[in-house]
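Some notes on the structure that comes next.
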Amino acid sequence: MSPEKFAIAQTLFTAIGVVGVAGMVGWVATTWMRIKNGYPLDGAWGQSVYPRKDAETGERVKLLSQENAQLRAELGSVKDRLANVERIVTDSSHRLSQDIEQLRVPTGSLRQ
């Protein structure tokens with residue numbers, strides 16, 4: 001490699017390095033200023049890393065938590081019903097007919 005080409009390559013690599021370091025320092029400084037002044041940080045696609053907490057967000061979380069509790073209770077009920085259906089399906093027909101007959105007789109009254 002000739003000395004002129006070597007000098008050009010060295011200058012080019014130095015310039016690229018300086019621009020890269022300046023970009024990283026600028027990014028760190030900008031992030032530091034955002035944190036210092038309370039601005040929300042952005043992720044790779046523009047979404048908030050630390051979303052704001054306001055009254056509307058708190059109310060929304062509260063409503064979603066209540067709905068979640070209701071759905072969990074309903075799911076428990078459905079699981080119980082499914083267990084009963086599985087028991088009925090897997091029991092022998094003799095046992096099933098006995099259970100049906102027991103349900104027909106009201107509790108507390110005697111059949112004569």
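Values below: every heavy atom of this structure, side chains too, minus hydrogens, waters and symmetry copies. Note that this is a predicted model, so its numbers are computed, not measured.
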Quiz prompt | Interatomic distance, L71 atom CG to L64 atom CG [nearest 0.5 angstrom] | solution = 10.5 Å
Quiz item: Can you tell me if CD on E74 sees more than 12 non-hydrogen neighbours from other groups inside 6.0 Å?
Solution: no
Exercise. Starting at CD1 of I8, measure out to OG of S2 and round the result to the nearest 0.5 Å.
Key: 7.5 Å
Quiz item: At what distance, to the nearest 0.5 angstrom, does CG of L75 lie from CG of D80?
Solution: 9.5 Å
Exercise. Answer yes or no: is there a side-chain heavy-atom contact under 4.5 Å between N84 and R81?
Key: no
Self-check item: Straight-line distance of I35 CD1 to M33 CE, nearest 0.5 Å
Solution: 11.5 Å
Quiz item: Heavy-atom distance under 4.5 Å between the side chains of R34 and T31, does that happen here?
Solution: no
